[in-house]
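Working notes, beginning with the structure itself.
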Number of protein chains: 2
Amino acid sequence: MDTEDEFLIGPTHRELLDQVLDKWSLSVLSELCERPCRFNELRRAIPQVTQKSLTATLRRLERNGVVEREVVSTRPVAIRYRITPLGKTLRPPIDVLLAWASANMPAITRARDAFDLREEESRMGG
Amino acid sequence: MDTEDEFLIGPTHRELLDQVLDKWSLSVLSELCERPCRFNELRRAIPQVTQKSLTATLRRLERNGVVEREVVSTRPVAIRYRITPLGKTLRPPIDVLLAWASANMPAITRARDAFDLREEESRMGG
DNA sequence: AGACCAGGTTTCCCCATGGATACCGAGGAC
DNA sequence: GTCCTCGGTATCCATGGGGAAACCTGGTCT
């Protein structure tokens with residue numbers, strides 16, 4: 001974690017993006033953007049995620065100040081996760097990214113098909 | 001790769017982002033945005049990347065239609081990688097993301113420190 | 001007392017990513 | 001001929017992320 005000579009885009013940025021854009025973060029974030037959720041609410045909302053991964057994701061997001069963990073001292077204690085102001089600032093960038101993905105998915109699919117075809121051809125008649 | 005029931009943000013989008021925002025893509029992309037580069041130019045520009053990883057990154061980006069591989073039939077054949085028009089459309093979203101990262105890095109660092117401190121305290125006096 | 005839910009933690013395991021290293025064929029440079 | 005560069009491919013191995021599943025500590029219900 002030493003900050004020696006860094007090149008463009010720096011490991012620091014990359015690491016941050018890895019923490020915030022990892023496999024389940026986007027789903028969790030998009031869920032928490034609509035309303036605060038309890039742990040098992042999130043599990044039900046994102047059935048594919050395992051407890052372990054959800055816990056890890058929430059901890060990571062919490063550590064980076066993107067979500068808050070609130071222990072509600074009601075009768076049997078509830079845990080409520082909510083997005084922070086900092087977390088909210090993350091939406092626009094993500095939305096831009098997802099918009100790009102949506103808009104260009106067809107072009108990308110075409111590119112992939114073309115690439116795979118070329119590859120296959122070169123394997124056959126190469 | 002079957003498209004069964006998908007939830008918000010879809011695996012499709014996630015997978016795409018994984019392909020395009022992986023460890024070395026940002027560096028390669030930022031390099032190719034300035035000028036077309038040959039393989040070993042890229043290696044020299046991004047010394048940390050290994051041949052294997054650079055090859056993999058370029059193939060992946062090529063497959064997704066983001067960069068082009070051009071075989072220049074000069075005397076000893078050169079390979080020139082350049083960004084495609086589709087690839088260029090990727091810049092704004094990435095820039096927005098990096099701008100977010102830069103702008104909020106201090107807040108995030110503070111959040112991490114606070115989190116780590118809380119954790120340590122709870123381990124000590126828990 | 002037994003069953004059940006919330007909110008996890010822990011353990012085990014698999015497999016994909018990535019680094020390091022070696023090799024390789026073609027084409028100059030000496 | 002010998003060495004170097006270019007543009008890779010092939011191989012080995014370590015690390016780590018993520019899934020499955022068990023366990024656990026409350027608290028409620030009945």
Side-chain angles (χ1 to χ4, degrees), chain A residues 1 7 11 14-15 17-28 31-32 36-64 67-82 118-119 122-123 126, chain B residues 1 4 7 11 14-15 17-28 31-32 36-64 67-82 115 118-119 122-123 126:
Chain A
M1 284 317 149
F7 57 106
R14 265 240 52 83
E15 181 220 353
L17 295 186
D18 282 345
Q19 302 248 321
V20 154
L21 296 180
D22 79 299
K23 187 166 185 189
W24 299 110
S25 293
L26 292 189
S27 305
V28 169
E31 208 60 37
L32 291 184
C37 278
R38 303 182 46 175
F39 188 82
N40 283 333
E41 273 184 287
L42 284 171
R43 287 192 66 190
R44 282 187 291 268
I46 312 164
Q48 298 83 350
V49 75
T50 60
Q51 278 183 324
K52 181 186 167 187
S53 298
L54 182 54
T55 307
T57 300
L58 287 169
R59 287 284 172 283
R60 207 176 321 118
L61 293 179
E62 188 194 355
R63 177 165 186 268
N64 286 278
V67 307
E68 268 175 359
R69 197 181 115 110
E70 180 196 357
V71 180
V72 185
S73 313
T74 48
R75 297 78 75 180
V77 290
I79 311 286
R80 165 164 301 133
Y81 292 96
R82 65 175 68 239
R118 263 178 283 149
E119 242 202 345
S122 72
R123 261 203 309 274
Chain B
M1 281 321 156
E4 8 163 330
F7 57 106
R14 265 239 52 82
E15 182 219 353
L17 296 186
D18 282 344
Q19 302 247 323
V20 154
L21 296 181
D22 79 298
K23 187 167 185 188
W24 299 109
S25 294
L26 292 189
S27 305
V28 169
E31 209 59 36
L32 291 182
C37 279
R38 303 182 47 176
F39 188 82
N40 283 332
E41 273 184 287
L42 285 171
R43 287 192 66 191
R44 281 188 291 268
I46 313 164
Q48 299 81 352
V49 75
T50 61
Q51 277 182 325
K52 181 186 167 187
S53 298
L54 182 55
T55 306
T57 300
L58 288 168
R59 289 282 172 283
R60 208 177 318 118
L61 293 178
E62 190 194 354
R63 177 165 187 268
N64 287 278
V67 308
E68 267 175 357
R69 195 182 117 111
E70 180 196 357
V71 180
V72 185
S73 312
T74 47
R75 293 80 72 181
V77 291
I79 311 287
R80 166 164 300 132
Y81 293 95
R82 64 174 69 240
F115 182 93
R118 264 178 281 149
E119 242 202 345
S122 72
R123 260 202 310 275

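Convention: sequence-line order gives letters A, B, ...; per-chain numbering from 1.
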Checklist entry - Taking CZ from A/Phe39 and C1' from D/dG27, how many angstroms apart are they, rounded to a whole number? => result 18 Å
Checklist entry - In whole angstrom, what separates B/Arg38's CZ from D/dC6's C1'? => result 7 Å
Checklist entry - Which pair of non-hydrogen atoms, one from A/Arg60 and one from A/Asn64, has the smallest distance, and what is that distance? => result O-ND2, 2.8 Å
Checklist entry - Ignoring hydrogens and angles, are the base of C/dG19 and the side chain of B/Lys52 linked by a donor-acceptor pair under 3.5 Å? => result yes
Checklist outcome for this item: Rounded to whole Å, the CD1-C1' distance (A/Ile79 to C/dG8) equals 9 Å
Item to check | Whole angstrom value for the distance that separates C1' of D/dT5 from CZ of B/Arg44 | outcome: 9 Å
Checklist entry - Once you round it to whole Å, what is the distance between P of D/dG18 and CH2 of A/Trp24? => result 9 Å
Checklist entry - Tell me, do B/Leu61 and B/Leu32 make a side-chain contact under 4.5 Å, heavy atoms counted? => result no
Item to check | Any A/Ser53 side-chain nitrogen or oxygen under 4.0 Å from OP1 or OP2 of D/dG19 | outcome: yes
Checklist entry - Roughly how many Å is it from CG in A/Asn40 to P in C/dC4, rounded to a whole number? => result 16 Å
Checklist outcome for this item: Separation of D/dC6 atom C1' from B/Tyr81 atom OH, nearest Å, is 11 Å
Item to check | Whole-Å distance separating the CZ atom of A/Arg43 from the C1' atom of C/dG7 | outcome: 9 Å
Next on the checklist: Check the phosphate of C/dG7 against A/Arg69, side-chain N and O only, distance under 4.0 Å to OP1 or OP2. Yes or no?
Outcome noted: no
Item to check | Spacing of B/Ser25 atom OG and B/Lys23 atom NZ [to the nearest 0.5 Å] | outcome: 12.0 Å
